[in-house]
Amino acid sequence: MQFSNLPSVDSVLSKQEVAAAAKSFDRNWIVDLVRDELALAREYIRKGGVSPNADDVAEQVCNSIQAAIQTEPRRVINATGVVIHTNLGRAPLSRAAVEASNHAAQGYSNLELDLATGRRGSRQAKLQSLLCQITGAESALVVNNNASALLLGLSALAAGKEVVVSRSEAVEIGGGFRVPDVLRQSGSTLIDVGTTNRTYVRDYDDAVTEKTAVFLKVHSSNFRVEGFTAEVATADLVEVGRNSGVTVLHDVGSGSLLLTENYGMTHEPTPQESIKEGVGLVFFSGDKLLGGPQAGIIVGKKGLVDQLARHPLARAVRIDKMSLASLTATLVHYLKGEAEKEIPVWRMISATALALKKRAKSWQSALEWPSTVDKSRSTVGGGSLPGETLPSWVLSMDCGETGVVQVMRRLRESRTPVVARVEDDRVLLDPRTVLPEEDATLLEALRYALAG
Ligand SMILES: *Cc1c(COP(=O)(O)O)cnc(C)c1O
């Protein structure tokens with residue numbers, strides 16, 4: 001055992017860089033970092049390791065300081081081919097959306113000031129007019145995210161009353177968001193009707209009592225029930241609701257404003273069609289297929305939206321100014337008919353297989369490493385279009401002696417971390433989700449990873 005060789009706290013603190021850090025940072029914190037490193041060293045020696053010297057420990061302390069002051073989340077390159085990747089921050093924003101949010105952040109803004117009158121204005125006004133124009137709704141309200149939108153809607157309209165949900169739709173969306181739990185939290189009672197695979201109009205009809213406030217329809221965004229199934233069409237549910245005086249709420253999940261069938265995928269329900277069919281309120285996310293920042297969007301009948309806006313929870317789940325600014329800019333792309341061209345998730349979805357093949361080939365020739373360019377599939381992800389894929393081409397790398405686990409790790413450890421995919425003992429990189437301006441950085445990370 002080499003405990004006697006272990007440097008003292010003071011000898012590490014007297015190393016030039018550590019001493020400098022102790023001056024500029026909180027000294028007690030730096031002393032704690034030194035102690036933590038020495039404790040690790042003791043553990044290492046106990047297991048038969050060689051004692052580090054004061055320089056080694058000082059270097060570790062400096063690494064800890066660097067890690068502590070590194071801001072998070074860091075920029076990461078998404079080479080997985082999953083367009084809306086929840087772990088990687090869902091939708092990347094358009095240039096205009098980023099600029100809008102920077103403007104809102106950097107200076108003061110007319111967030112709640114009506115410039116025409118000089119009086120207090122509403123932060124929702126602009127979003128409201130854009131959303132009404134785009135979806136055909138009477139009114140709109142935007143909050144922190146779709147989960148809070150739904151909680152607000154149920155709290156304002158159904159607390160102390162009953163909410164009828166099909167058994168096939170009382171689902172878990174992911175990350176602890178379960179429809180029955182949200183209902184309970186809102187103070188309403190879940191009445192589940194039908195069966196897991198089949199629910200009919202009469203199931204809703206039969207469930208109506210004097211306590212029924214809402215029929216809630218939830219889009220099964222992250223799974224698919226196949227085979228002997230039946231679900232009630234939105235229009236039919238609206239009809240039952242109208243006859244029995246029950247409000248219909250529709251959580252469409254990803255809230256695609258463009259028609260996904262035009263991009264070779266199955267149809268994803270759009271807010272526009274729910275509004276057209278007469279739904280009371282439609283709920284959707286800002287950062288899934290809409291391609292904007294995290295937000296929960298509610299569109300629908302004015303009387304209902306007003307009820308939500310007046311509820312105390314509305315303030316608790318209010319949208320912040322930066323998200324509001326970037327969401328506004330994102331919606332303007334739809335108004336101008338340039339969504340496919342300007343919004344990154346739609347640019348990625350609409351990229352042709354040929355264009356992707358060309359990019360994968362260009363990476364291949366720049367890299368000079370044993371690899372092939374192969375046909376593959378990308379996915380949309382992010383709780384939309386389960387099982388749907390888009391034809392793509394990937395750079396498929398033979399990792400040789402180094403092995404895929406090590407190459408994947410080194411990709412994550414490179415200056416700009418890269419997240420890729422492993423299939424059949426090869427590392428695959430899908431150009432669909434790599435932004436065009438990231439090509440050079442990606443190649444740099446690949447060279448670093450393969451050199452290890
Ligand atoms: C993703 C999703 C939610 C949750 O939306 P967040 O914006 O992540 O809060 C709710 N309902 C459905 C159907 C979803 O797909």
Side-chain angles (χ1 to χ4, degrees), residues 73 82-93 127 131 140-155 158 163 165-186 188 190 192 214-225 231 234 237 248-257 260 265-271 273-274 279 281-300 308 313-314 316-320 322-324 326-327 330-331 345 379-388:
V82 181
V83 177
I84 301 164
H85 200 304
T86 295
N87 296 357
L88 302 182
R90 289 197 182 158
L93 298 179
L127 282 174
L131 285 164
L141 179 71
V142 179
V143 296
N144 179 62
N145 60 1
N146 195 21
S148 59
L150 209 54
L151 178 62
L152 171 62
L154 292 168
S155 303
V163 176
V165 185
S166 163
R167 279 213 165 80
S168 64
E169 297 174 7
V171 298
E172 175 169 324
I173 310 294
F177 180 83
R178 291 174 149 192
V179 170
D181 295 342
V182 176
L183 261 147
R184 195 174 312 115
Q185 189 61 41
S186 75
S188 58
L190 169 71
D192 48 358
V214 161
F215 290 152
L216 173 65
K217 195 168 170 57
V218 183
H219 179 48
S220 59
S221 34
N222 53 5
F223 70 102
R224 214 153 52 182
V225 186
E231 101 175 272
T234 311
L237 193 57
V248 177
L249 305 185
H250 192 186
D251 175 6
V252 294
S254 83
S256 182
L257 295 172
T260 46
M265 299 178 287
T266 54
H267 177 71
E268 181 79 2
T270 68
E273 67 202 24
S274 284
V279 163
L281 293 175
V282 186
F283 300 78
F284 52 103
S285 296
D287 54 356
K288 292 182 179 171
L289 282 173
L290 194 135
Q294 178 187 306
I297 301 170
I298 305 154
V299 295
L308 267 59
L313 257 186
V317 298
R318 180 165 86 170
I319 185 170
D320 81 286
M322 286 183 278
S323 307
L324 182 143
S326 55
L327 182 59
T330 306
L331 290 171
V345 298
T379 51
V380 175
S384 44
L385 300 157
E388 285 290 308

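All residue numbers refer to positions in the sequence shown, counting from 1. As the structure lists them, so they are numbered: ligands from 1, and atoms in each ligand from 1.
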Check each atom of ligand 1 against the heavy atoms of Asp251 and keep those under 4.0 Å away; list them by number with element.
10 (C), 11 (N), 12 (C), 13 (C)

Distance in Å, Arg318 CZ paired with Leu313 CG, rounded so as to fall on 0.5 Å steps:
14.0 Å

Those residues at least two apart in sequence (or on a different chain) that pass ring pair (Phe, Tyr, Trp, His ring centres under 6.0 Å) with Phe215 are Tyr204

When every non-hydrogen atom of Val165 is compared with those of Ala170, the smallest separation belongs to CG1-N, 4.0 Å

Going by distance alone, is a donor N or O of one side chain under 3.5 Å from an acceptor N or O of the other, for Ser254 and Glu268?
yes

Can you tell me how far the CG atom of Leu216 sits from the CG atom of Leu190, to the nearest 0.5 Å?
9.0 Å

Side chain, backbone, both or neither: which part of Glu169 has a heavy atom under 4.0 Å from ligand 1?
neither

One finds that the ligand 1 atoms under 4.0 Å from a non-hydrogen atom of Gly253 are 12 (C), 13 (C), 14 (C), 15 (O)

Is the shortest distance from a heavy atom of Arg90 to ligand 1 less than 4.0 Å?
yes

Using a 4.0 Å cut-off to any heavy atom of Ala147, which atoms of ligand 1 qualify?
5 (O), 6 (P), 9 (O)

Using a 4.0 Å cutoff against the non-hydrogen atoms of Lys288, which atoms of ligand 1 qualify?
1 (C), 2 (C), 3 (C), 14 (C), 15 (O)

Tell me whether Met265 at atom CE has more than 12 heavy atoms from other residues, nucleotides or ligands lying less than 6.0 Å away.
yes

Would you name the heavy atoms of Gly300 and Leu281 that are closest together and state the gap between them?
CA-CD2, 4.0 Å

Could you tell me whether Phe283 approaches ligand 1 through its side chain, its backbone, both or neither, with non-hydrogen atoms closer than 4.0 Å?
neither

Under 4.0 Å to a heavy atom of Ser285 - the qualifying atoms of ligand 1, by number
5 (O), 6 (P), 7 (O)

Measure from atom 4 (C) of ligand 1 to every heavy atom in Thr86, Asn146, Val179 and give the option owning the shortest one.
Asn146

Under a 4.0 angstrom heavy-atom cut-off, which atoms of ligand 1 come close to His219?
13 (C)

